[in-house]
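Because only heavy atoms are used, hydrogens play no part in the values below, and waters and symmetry mates are left out as well, while side chains stay in. These numbers come from a predicted model, not from an experiment. All residue numbers in this chain count up from 1 along the given sequence.
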Amino acid sequence: MRLTRLKLSGFKSFVEPADLLIEPGLTGIVGPNGCGKSNLLEAIRWVMGEASAKTLRGGAMEDVIFAGTTRRPRRDFAEVTIHAENVAAMPGLADGIEDGAAEIIRRIERGAGSAYRINGRDVRAKDVALLFADAATGAHSPALVSQGRIAAVIAAKPQERRAMLEEAAGIAGLHVRRRDAEQKLRATETNLARLAEIMADMEGRASALRRQARAAEKYRDLATRITLAEARALFARYTAAVGEETQAIHASTRADEGVTAAQGMQASATTAQRDAAEALNDRRIAVQKARDAALAARHQFDKLTAQRRTIERRIADLTAQLQRLDADRDRETALDRDAVAAAERLTGEAAALTARVSHLDAVVPELAGRIAAADLLVREAEVALAQAMARRAAEQAERRVAEAAMVN
């Protein structure tokens, strides 16, 4: 196998697509430290199927994608392509490799993982590793010398040196295929053991099925006998049912006649029930009206009773007032009689005094004071008489009001 071309896009520092031609002879990359020379070798390792991010100087496989800078945004995928010549055909891939030329592509996307293609056909990572192993190379081939690789080869263990010698001899692919074949053989042995277990289980199930088949035969025989017995029983029931049906027809005829008579009686009963219901409804209406009238009368009676109690209390009050008025009237009548008697007495006295005045003109100066006093008594008596007459008129008016209230 000979590598002829290397394409990179978005892989580590190669943000822009880069195309490297590997011409016959010596092809070298010269540049200062940090310019990305080691990234080319890592790109070759990566496209050959390298699965360790630590070997590629990263913490995760997605670290091979361009992470971006202050001026350039990061990329979402990385892709590396190798063109190779003199590629041996592989089982299952012979139709994809023409004239010994092959184009191997590995592409990774953030959050989606890696994908491999050989000549435009999707393949597994194992297929790519076998393709390079048949050519005595690969991602871990000692032919790929990176930084510190010479010291690692010098300090290599015997097993690692054996692997380098086998790869140099071109038998690394045979060992890979041998391990694959051994894994398939172990899987086949496991499947055979599982198949033996399944066969033993199937034998047990077959024995159980044979027993079930014998039981099923007995069941079918018994089912046939049971069916025959049930048919005979059904025929006997049918015969009895036919006789019962005849009797039932006669009974049904008699029952129809009874039903007809009962229907007539039911119609009469329905009419009577309807009339009774109407009469009952009328009586219920009358009872309800009577209840309403009784309730109204009860309310009216309670109202009149309350009014009667109120009138009785008013009559008692008026009787007490009338008694007080009679007492006041008697008192005022006595005062009136006293006033009249006093007035008559004073009138007599005034007449006597007048007579005496006419006869006693000589003693007028002496009697002037007595006359003035008598006049004062007369005026007081007249005032008392006027007050008594006023009280009497008021008592007569209250009496007439009380009598009118008692009449109502």
K.L.:
Does the distance from a Lys or Arg side-chain N to an Asp or Glu carboxylate O, for Asp221 and Arg225, drop under 4.0 Å?
P.N.:
yes

K.L.:
Do Leu40 and Lys12 pass the side-chain contact (heavy atoms from CB on, under 4.5 Å) test, and can you show the C-alpha distance, the side-chain angles, and the key distance before you say yes or no?
P.N.:
CA-CA 10 Å; Leu40 294 173; Lys12 289 197 171 183; over 6 Å; no

K.L.:
For a side-chain contact (heavy atoms from CB on, under 4.5 Å) check, start with the C-alpha distance between Ile198 and Arg194, then their side-chain angles and the critical distance, and finish with the verdict.
P.N.:
CA-CA 6 Å; Ile198 294 174; Arg194 178 59 180 163; 3.9 Å; yes

K.L.:
Check whether more than 12 heavy atoms from other residues, nucleotides or ligands sit under 6.0 Å from atom CE of Met389, and answer yes or no.
P.N.:
no

K.L.:
Ion pair present between Glu16 and Arg72, side-chain N to carboxylate O less than 4.0 angstrom?
P.N.:
yes

K.L.:
Can you tell me how far the CD atom of Glu245 sits from the OH atom of Tyr238, to the nearest 0.5 Å?
P.N.:
8.0 Å

K.L.:
For a side-chain contact (heavy atoms from CB on, under 4.5 Å) check, start with the C-alpha distance between Glu217 and Arg214, then their side-chain angles and the critical distance, and finish with the verdict.
P.N.:
CA-CA 5 Å; Glu217 289 293 336; Arg214 289 193 295 270; 5.6 Å; no

K.L.:
Does Asp201 reach the main-chain N or O of Glu197 with its side chain, forming a donor-acceptor pair under 3.5 Å?
P.N.:
no

K.L.:
For Arg237, does the CZ atom sit with more than 12 other heavy atoms under 6.0 Å from it, leaving out its own atoms?
P.N.:
no

K.L.:
Tell me whether the count of non-hydrogen atoms from other residues, nucleotides or ligands lying under 6.0 Å of CZ in Arg2 goes above 12.
P.N.:
yes

K.L.:
State whether the side chain of Asp330 and the backbone N or O of Ala327 hold a donor-acceptor pair below 3.5 Å, judged by distance alone.
P.N.:
no

K.L.:
Would you say Glu103's side chain and Gly120's backbone share a donor-acceptor pair under 3.5 angstrom?
P.N.:
no

K.L.:
Do side-chain atoms of Thr4 reach the backbone of His83 as a donor and acceptor pair under 3.5 angstrom?
P.N.:
yes

K.L.:
Should we count CZ of Arg186 as having more than 12 external heavy atoms under 6.0 Å?
P.N.:
yes

K.L.:
Measure the OG1-CG distance between Thr190 and Leu195 for me, rounded to the nearest 0.5 Å.
P.N.:
12.5 Å

K.L.:
Quick check: does any side chain N or O of Arg106 sit under 3.5 Å from a backbone N or O of Ser114, one acting as donor and the other as acceptor?
P.N.:
no

K.L.:
Check whether any side-chain N or O of Arg107 sits under 3.5 Å from a backbone N or O of Phe77 as a donor-acceptor pair, and report yes or no.
P.N.:
no

